[in-house]
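Order of appearance sets the numbers: ligands from 1, and atoms from 1 within every ligand. Because the structure is a prediction, the values reported are computed rather than measured.
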Amino acid sequence: MDDLDDLYQEIILSHNKRPRNEGELDPRDHEAEGYNPLCGDRLKVFVRGGADQIEAVQFSGEGCAISRASASIMTENVKNLGGAELEAKIAEVLEILTSKEEPDIDPFEIGELAALIGVRKFPARVKCATLAWHTLAAALNDKAEVSTEGGEKESTGSVG
Ligand code: FES
């Protein structure tokens, strides 16, 4: 394991241990529940504001360290974003996690989101990391529920 992998792991563990913005935001304008049928874990995302601008965002739920850390990192990265900037951020993260090619991204330019690059090495865990982001997109689209396994409930990550 090289130094970068150590750093990625440290970031994940830190966010899992002390999640940022955990709770059921109240008042809120949007919420959705994300479900990973592979493990049964569920995660809720709550948003004040909307796709034009996220004023506040929180999450709740039981899940593995990667899902909780990804949700925590998400809340810190999307607050105050809206419109094209928000869409681009969600698309960037889904690209980092799911693209077949190694993402052409400098890990030192994307802050703690870089920890998600480390998740690529564990393909079985990628859906743990995408869960929060798909759930955010579902909330902004007023879809009550989204699943990581596709079908009607699947989210594309689009918020428009
Ligand atoms: Fe369930 Fe990771 S094992 S979300």
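The atoms of ligand 1 that sit less than 4.0 Å from any heavy atom of Asn36 are 4 (S). The atoms of ligand 1 that sit less than 4.0 Å from any heavy atom of Cys39 are 1 (Fe), 3 (S), 4 (S). Applying the 4.0 Å criterion to heavy atoms of Cys64 picks out, from ligand 1, the atoms 2 (Fe), 3 (S), 4 (S). If you number the atoms of ligand 1 from 1 as listed, the ones under 4.0 Å from a heavy atom of Ser67 come out as 4 (S).
Of the candidates Leu136, Val146, Leu140, Val45 forms a side-chain contact (heavy atoms from CB on, under 4.5 Å) with just one, namely Leu136.
Of the protein's non-hydrogen atoms, the one nearest atom 4 (S) of ligand 1 is Asp41 OD2, 3.4 Å.
No path of Ile, Leu, Val, Met, Phe, Trp and Tyr side chains, each step under 4.5 Å between heavy atoms, connects Leu25 with Leu131, placing them in separate hydrophobic clusters.
Within the 4.0 Å heavy-atom cutoff, Ile66 does not count among the residues contacting ligand 1.
The closest side-chain heavy-atom distance from Phe108 to Leu4 is below 4.5 Å. Between Val57 and Thr75, some side-chain heavy-atom pair lies under the 4.5 Å cut-off.
Between Arg18 and Ser72, the side chains place no donor N or O within less than 3.5 Å of an acceptor N or O (distance only, hydrogens not considered).
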